[in-house]
Amino acid sequence: MRRTDLAASGKGREWRGNVMKYRYLIVALGFLAAGTAAAAESPLTDCQKSVQEGDYQNAVRACLTDCENGTGAACFNMGAIHGDGLGVPQDYTRARSFFEKGCNLGNGDSCASLGSIYESGSGIPQDYAVARSFYQKACEFNDGSGCSSLALLHIQGLGTDQDYATARKYLEKSCSLSDGDGCANLGIAYSNGHGGIQDPRKAAELFEKACEMKSSLGCAGLALVFENGQGRDQDYKKARKYYRLSCNYGRGDSCASLAVLFENGSGGKKDLRQAVLYADKGCSYGSGKSCAFLGYLNYNGLGTDRDSWKAAAFYDRACSLNAGDGCFSLGLMFSGIGNSEAYFFRKAGDLYDRACSLGDYRGCVNLGALYYDGKGMPQDFEKALGYYDLACNAGVALGCANIGGYYATREDYGNAAGAYDKACSLDDGGACFILAGFYADGKANSPEGRNAADYYRRACELGVSESCQDNGSGAEQP
């Protein structure tokens, strides 16, 4: 099955990173019955009819004959049948040989499938340069998915130089060839401005076009447009609609995004049972994001009975599917077991480490705290500060505040103030309050044009009640 992954944040609310991910497996069965464009105007051959009916034993006989007689689409079907083991033993070597023959006969699907084999390393060593050459051929034969796959290699710099402008050119061609995922990926390019102008409205148009072609990526992109109000007016009801379409087309992360909207009531009635239903559906599709959210629902008894064991199982599955929030949440569960047991802290540390490496920087903070306190591992302030710094630079306020705390206990108020100031700028009210105290007591010099009262006022605005008292800030209790 060919698919494309929309890069999104933990709850599907923002674009994450700048790379569009487009991954092929071996072949999309939807292409099997299609053959060539002429097939729509002519009676189906025995090969096409057998494939369409799922009679693969007869298809092997009929398609082999047509392939040997020079029909590239039949060679493609033979490759797909052997590659997926449909009615015959799965055999990547035979699949590759049929795809090679089909590609030599000018069949773009065959060339694109060869590209996916070399890109994924299915039965052969992975080779991005060879994959690129076959995607290039597929694109030249006007295979839209081949053009889109070629674009991704240029975006990621795999087998070729990274070149966003060239990638956008191939995505334009892919979309013009009515490849839904190609239009969706082109929408992402317009959304983030890669390879050309940034145009959220154009991106929304492309996502809509892709969704009309039943591209799960396109529907997910359009849902995100309505959720964030970028390129279209914000409309959570429409966001629900398009996440549901994307989910029904098989995109597990969209199921998770829909579950979140049901859980928080955005775009309609709050419905925790529907949240559980869609999170479970996405998890069954292999979405780590969905499994993690399903763990959260089970842990808190939202829409289902509270069940910590089930929650742990879902968090563990999410973590195995490279969802950092699943690793982090499971780490929290281990941290809360038997506070004197070093084993559980070590287990939590391993999970926080994995979460951190997967981009959930809360894991970096908690791993740093374990090193700082020497829980489950030797106490190591240098390592602790390293993890705090990693989180702080990623915008996690607690990482910055913990650095401030380290320096404050050593009466190094200059460095402490710098760290607390960054935490305060990330809306950590406690950091603002501590910083105000430093400036009020003369332990550090406030930035030019600001004073302690400014920081007390900000801390009050962020909900620190102590900062709203009579401290010269002029702030009132919220």
Side-chain angles (χ1 to χ4, degrees), residues 1-9 12-24 28 30-31 108 112 135 138-139 142-156 162-254 257-258:
M1 179 180 66
R2 293 174 180 166
R3 66 178 177 86
T4 318
D5 292 331
L6 179 68
S9 74
R13 297 305 178 92
E14 305 173 77
W15 303 103
R16 181 179 67 189
N18 296 315
V19 176
M20 294 171 285
K21 296 181 180 179
Y22 189 106
R23 294 299 174 98
Y24 267 62
F31 286 91
Y135 287 145
C139 190
N142 291 328
D143 180 89
S145 62
C147 299
S148 192
S149 294
L150 181 60
L152 181 70
L153 294 184
H154 279 283
I155 288 168
Q156 296 180 316
Q162 188 177 58
D163 187 336
Y164 291 112
T166 297
R168 187 179 283 210
K169 179 186 72 173
Y170 287 121
L171 290 174
E172 294 276 6
K173 183 173 182 179
S174 174
C175 187
S176 72
L177 291 168
S178 299
D179 181 76
D181 286 339
C183 294
N185 275 326
L186 183 59
I188 295 174
Y190 273 99
S191 180
N192 58 29
H194 279 168
I197 62 170
Q198 187 174 28
D199 189 337
R201 291 189 177 277
K202 178 67 173 177
E205 290 173 6
L206 288 161
F207 289 140
E208 186 170 29
K209 181 178 180 179
C211 188
E212 288 171 354
M213 290 187 273
K214 298 186 177 181
S215 161
S216 65
L217 175 64
C219 297
L222 189 56
L224 201 58
V225 163
F226 283 116
E227 189 174 6
N228 290 336
Q230 295 179 348
R232 298 281 174 88
D233 291 337
Q234 190 174 55
D235 189 328
Y236 287 110
K237 186 175 181 180
K238 286 184 178 178
R240 283 195 187 197
K241 172 185 174 180
Y242 289 110
Y243 277 135
R244 183 181 285 107
L245 278 175
S246 181
C247 174
N248 289 339
Y249 292 152
R251 184 166 295 278
D253 282 2
S254 292
S257 296
L258 181 58

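Put simply, the side chain of L258 reaches to within 4.5 Å of the side chain of R244, judged on heavy atoms. Side-chain atoms of Y242 and L224, non-hydrogen and from C-beta on, never get closer than 4.5 Å to each other. Annotation: side chain of Y236 is not in contact with side chain of F226 (no heavy-atom distance under 4.5 Å). Side-chain atoms of I197 and R168, non-hydrogen and from C-beta on, do get closer than 4.5 Å to each other.
Across all their heavy atoms, A167 and I155 have their closest contact at CB-CG1, 3.4 Å. Heavy-atom minimum distance, S254 versus C247: CB-N, 3.9 Å. G146 approaches A112 most closely through the heavy-atom pair CA-CB, 4.2 Å. Closest of all the heavy-atom pairs between Y243 and A220 is CE2-O, 4.1 Å. Between Q234 and E227, the closest heavy-atom pair is NE2-O, 2.8 Å. Shortest non-hydrogen contact noted between S148 and L171 is OG-CD2, 3.7 Å.
In terms of the side-chain hydrogen bond (donor to acceptor under 3.5 Å, both in side chains) criterion, R240 has no residue partners (sequence neighbours excluded). For D235, there are no side-chain hydrogen bond (donor to acceptor under 3.5 Å, both in side chains) partners at least two apart in sequence or on another chain. Qualifying side-chain hydrogen bond (donor to acceptor under 3.5 Å, both in side chains) partners for Y170, counting only residues two or more places apart in sequence or in other chains: Q136. For the side chain to side chain contact (heavy atoms under 4.5 Å, CB included) test, residues two or more places apart in sequence or in another chain that qualify with L177 are N142, C147, K173.
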Check: residues 200-210 side-chain donor-acceptor pairs under 3.5 Å, at least two apart:
| from | atom 1 | to | atom 2 | distance (Å) |
| --- | --- | --- | --- | --- |
| E208 | OE1 | R232 | NH2 | 3.0 |

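Interatomic distance, L222 CG to E212 CD, rounded to the nearest 0.5 Å: 9.0 Å. Atoms CD and CD, from Q156 and Q162 in turn, are 9.0 Å apart once rounded to the nearest 0.5 Å. Expressed to the nearest 0.5 Å, how far CE of M213 lies from SG of C219 amounts to 10.5 Å. The distance from atom SG of C183 to atom CD of E172, rounded to the nearest 0.5 Å, is 9.5 Å.
Across S216, S215, S149, a single residue satisfies side-chain hydrogen bond (donor to acceptor under 3.5 Å, both in side chains) together with D181, and that is S215.
Remark: the backbone N or O of H194 is paired with a side-chain donor or acceptor of N192 at under 3.5 angstrom. Q198 places a side-chain N or O within donor-acceptor distance of the main-chain N or O of S191, the cut-off being under 3.5 Å.
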- Query: Yes or no on side-chain contact (heavy atoms from CB on, under 4.5 Å) for C211 and L245, after CA distance, side-chain angles and deciding distance?
  - Reply: CA-CA 8 Å; C211 188; L245 278 175; 4.1 Å; yes
- Are N185 and L152 close enough, and set up right, to give a side-chain contact (heavy atoms from CB on, under 4.5 Å), and what steps lead you there? CA-CA 9 Å; N185 275 326; L152 181 70; over 6 Å; no
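Sorted pairs that involve residues 172-191 and meet ring-ring contact (aromatic ring centres under 6.0 Å, His included), not counting sequence neighbours, are lacking altogether.
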